[in-house]
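This report refers to the structure that appears directly beneath it.
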Amino acid sequence: MINHFLNINAFFDYGMYRQQSKEALTENDLLGVFPPSLARLEMSRDKLIPIPEQVKEVYSRYRPTPLFRAEKFEQAIETDCEIYIKDEGATHSGNHKANSAYLISYMCHKDGVKTITTETTGNWGIALAQAAKHFGIRLLCFIDEESNNVRPDRKLQMENAGAEVIVVKLDQYHQDLLTLSADSAIEYTKKMEDSIYIFGSVYGYFVIPQTVIGLEAKKQLAALGKYPDIVVGSCGGGANILGTASAFLADRLEHGKEVEVFSSEAEPCPILTQGEMGYYSIDSQDYYPLVKTYGLKGLNDSTYIGGLGSTIVAPAVAHFHSKGIIEAKTFTPAEAKEAAERFYQSQGVSVALETGYQLAGVIHKAKSSKGKVILVNISSGVNDKQFFNYK
């Protein structure tokens, strides 16, 4: 069992900034929006963050998640690279979101928070619903009506896990679904006492617990005598790629290890390849603090891409991409679909919509490399089969 998270934000000049003035904020400044434990975590510069015992107890029920070599997939795409899969589909929620959900819920519970509100396209809401119920916190999930229509099972799953779900109607003012739902959740939060709004990506409190993925994978690969040459992740808000890659980014920065980090992004939301560096928040109400990162004014088209549709990204991803340490490439929905279907046909494992983009990235790197060790994580696609033509 991993005992510490890795704080990737301690490896560069991470900060949060006041709306309007862009003045740097302190931990105390965050207390009007963040509960104390999350404010402390957000502003921490410690490289290692101890995992609370109460969270470790929950993790012990599903972690470490399996790591396996996808040899049949290697054969299917005709590569001599070794492709290792970290299977986050084995978590309570079927994806990596559970790692953040339990830490956030525990810290909110410890700080006396009675109600959490959040935005979701479905998967994050399920994970947080399970975690909030475990720690006795009321949860309100705001899901946009397009996600609710495309993934109709998610609302019921969130409700079955104990959440109250509010479907947010589309409007002409919002350019992306996550900001639409975030604005609605924040409006609700302002009207309630002892409540807190949590965003399901981007910020340190969400990214830091994801690093357990890469820390575990590093140990599992070491037991096989392996170390990755290439780490692949998808990039919406950035938690997926940072979860898998942070341990190896730290090795590169501190010990000069030669490792490539590759981000697969969806063509409708090219956050790294076309995003502009600036000061951004996840809402349009001047509520959440600003972070210095890449942002987009909106999505390129209306193709549904689930959790990859964030128009801002975790500052660590933007920073390391701007320094040439993270490489990025966009993939079309058709390329993601083909990659997921080839993985299923070869390995017999269905993956989530978002994972299709990661696998497209794996195929791209495998075809342009010789004899490399490639690491990627996957999420379960049990409830995403409508997006693919599995045969």
Side-chain angles (χ1 to χ4, degrees), residues 5-15 47 81 83-84 86 96 201-204 206-208 210-215 217-218 227-267 269-278 280 291-296 305 307-331 335-336 354-355 357-369 372-378:
F5 299 121
L6 179 68
N7 182 7
I8 193 62
N9 290 339
F11 289 79
F12 70 106
D13 187 23
Y14 179 77
K47 290 184 177 179
C81 293
I83 299 171
Y84 289 89
K86 182 65 168 163
H96 64 285
S201 194
V202 175
Y203 295 94
F206 193 96
V207 168
I208 290 168
Q210 292 301 327
T211 62
V212 70
I213 301 170
L215 292 167
K218 183 179 174 181
Y227 189 91
D229 299 296
I230 303 168
V231 180
V232 177
S234 60
C235 194
N240 181 292
I241 189 169
L242 289 175
T244 311
S246 287
F248 306 102
L249 284 169
D251 282 351
R252 176 170 171 168
L253 295 167
E254 292 191 313
H255 308 297
K257 295 285 284 187
E258 294 186 5
V259 59
E260 294 180 49
V261 178
F262 182 82
S263 175
S264 299
E265 51 185 21
E267 187 178 58
C269 187
I271 185 64
L272 296 189
T273 56
Q274 295 183 29
E276 296 183 3
M277 186 68 81
Y280 300 94
V291 288
K292 187 178 181 181
T293 187
Y294 290 158
L296 292 169
I305 53 174
L308 298 184
S310 176
T311 52
I312 68 169
V313 71
V317 181
H319 172 79
F320 292 120
H321 178 265
S322 72
K323 300 298 182 183
I325 297 172
I326 293 179
E327 179 188 357
K329 186 180 187 303
T330 59
F331 294 92
E335 289 173 314
E354 294 85 349
T355 300
Y357 289 89
Q358 293 162 244
L359 293 174
V362 169
I363 293 173
H364 169 74
K365 295 303 293 184
K367 287 186 177 296
S368 59
S369 306
K372 301 292 188 180
V373 174
I374 301 175
L375 172 66
V376 67
N377 84 63
I378 64 171

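What you see below is based on every heavy atom in this structure, not just the backbone, and it leaves out hydrogens, waters and symmetry mates.
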Q. So does Lys372 have more than 12 non-hydrogen atoms from other groups sitting under 6.0 Å from NZ?
A. no
(Q) If you compare all heavy atoms of Glu335 against all heavy atoms of Phe331, which two are closest, and at what distance to 0.1 Å? (A) OE1-CA, 3.3 Å
Q. Do Ile83 and Val362 come close enough that some side-chain heavy atom pair is under 4.5 Å?
A. yes
Q) Looking only at heavy atoms, what is the nearest atom pair of Pro228 and Val259, with distance? A) O-CG2, 3.6 Å
**Q.** Validation row: Thr293, Val202 side chains within 4.5 angstrom (heavy atoms)
**A.** no
Q: Take Val231 and Leu249, measure what side-chain contact (heavy atoms from CB on, under 4.5 Å) needs, and give me the verdict at the end.
A: CA-CA 10 Å; Val231 180; Leu249 284 169; over 6 Å; no
Q | Heavy-atom closest pair, residues Ser264 and Gly361 | A | OG-CA, 3.2 Å
Q | Minimal non-hydrogen separation, Ile230 against Val232, with atom names | A | CG2-CG2, 4.0 Å
Q.
Is it the case that the side chain of Gln210 and the backbone of Ala239 share a donor-acceptor pair, with hydrogens and angles ignored and the cut-off at 3.5 Å?
A. no
Q | Interatomic spacing from CG in Asn377 to OG in Ser234 - rounded to 0.5 Å | A | 7.0 Å
Q) Do you know the tightest heavy-atom contact between Gly238 and Ser201? A) N-OG, 3.9 Å
Q) Can you name the closest pair of heavy atoms from Phe262 and Ile241 and give their distance? A) O-CD1, 3.6 Å
Q: Take Asn240 and Glu354 through the test side-chain contact (heavy atoms from CB on, under 4.5 Å) and record every step on the way to the result.
A: CA-CA 10 Å; Asn240 181 292; Glu354 294 85 349; over 6 Å; no
Q.
Has Asp229 got a side-chain atom pairing as donor or acceptor with Val373's backbone, closer than 3.5 angstrom?
A. yes
Q.
Do Leu242 and Val317 make a side-chain contact, defined as non-hydrogen atoms from C-beta onward lying under 4.5 Å apart?
A. yes
(Q) Is it the case that the side chain of Glu265 and the backbone of Thr273 share a donor-acceptor pair, with hydrogens and angles ignored and the cut-off at 3.5 Å? (A) yes
Q) Taking C-beta and beyond as the side chain, do Tyr203 and Val291 meet within less than 4.5 Å on heavy atoms? A) yes
Q.
Quick one about Tyr227 and Asp251 (side-chain donor to acceptor, distance below 3.5 Å, no hydrogens or angles considered), yes or no?
A. yes
Q: Check whether the side chains of Thr330 and Glu267 place a donor and an acceptor atom closer than 3.5 Å, and report yes or no.
A: no
Q. From Thr244 OG1 over to Leu375 CG, what is the distance, rounded to the nearest 0.5 angstrom?
A. 6.0 Å
Q) Under 6.0 Å from the six-membered ring centre of Tyr84 and within 45° of its axis: does the NZ or CZ of Lys86 meet both? A) no
Q.
Quick check on Lys257: does its NZ atom have over 12 non-hydrogen neighbours (other residues, nucleotides or ligands) under 6.0 Å away?
A. no
**Q.** Side-chain heavy-atom pair His321, Tyr294 within 4.5 angstrom cut-off
**A.** yes
(Q) Do Ser246 and Phe5 make a side-chain contact, defined as non-hydrogen atoms from C-beta onward lying under 4.5 Å apart? (A) no
Q. Using the ring of each side chain (for Trp, its six-membered ring), is Phe12 parallel, tilted or perpendicular to His319, with breaks at 30° and 60°?
A. parallel
Q) Given the rule in the side-chain contact (heavy atoms from CB on, under 4.5 Å) test, do Cys269 and Ile305 qualify, once you have shown the distances and angles that lead to the verdict? A) CA-CA 9 Å; Cys269 187; Ile305 53 174; 3.7 Å; yes
Q: Nearest 0.5 Å please: distance from the CG atom of Leu6 over to the CD1 atom of Ile213.
A: 12.5 Å
**Q.** The single option from Val313, Ile312, Leu308 passing side-chain contact (heavy atoms from CB on, under 4.5 Å) against Ser310
**A.** Ile312
**Q.** CA sep, side-chain torsions, deciding dist, call: Glu260, Lys365, salt bridge (Lys or Arg N to Asp or Glu O under 4.0 Å)
**A.** CA-CA 10 Å; Glu260 294 180 49; Lys365 295 303 293 184; 3.0 Å; yes
Q: Give the intermediate values and the outcome of side-chain contact (heavy atoms from CB on, under 4.5 Å) for residues Gln358 and Ile378.
A: CA-CA 8 Å; Gln358 293 162 244; Ile378 64 171; 5.5 Å; no
Q.
A quick test of your reading: do over 12 heavy atoms of other residues, nucleotides or ligands sit less than 6.0 Å from CD of Glu276?
A. no
**Q.** Non-hydrogen side-chain atoms of Asn9 and Val207 separated by less than 4.5 Å
**A.** no
Q. Does Phe11 reach the side chain of Glu254, with side-chain heavy atoms less than 4.5 Å apart?
A. yes
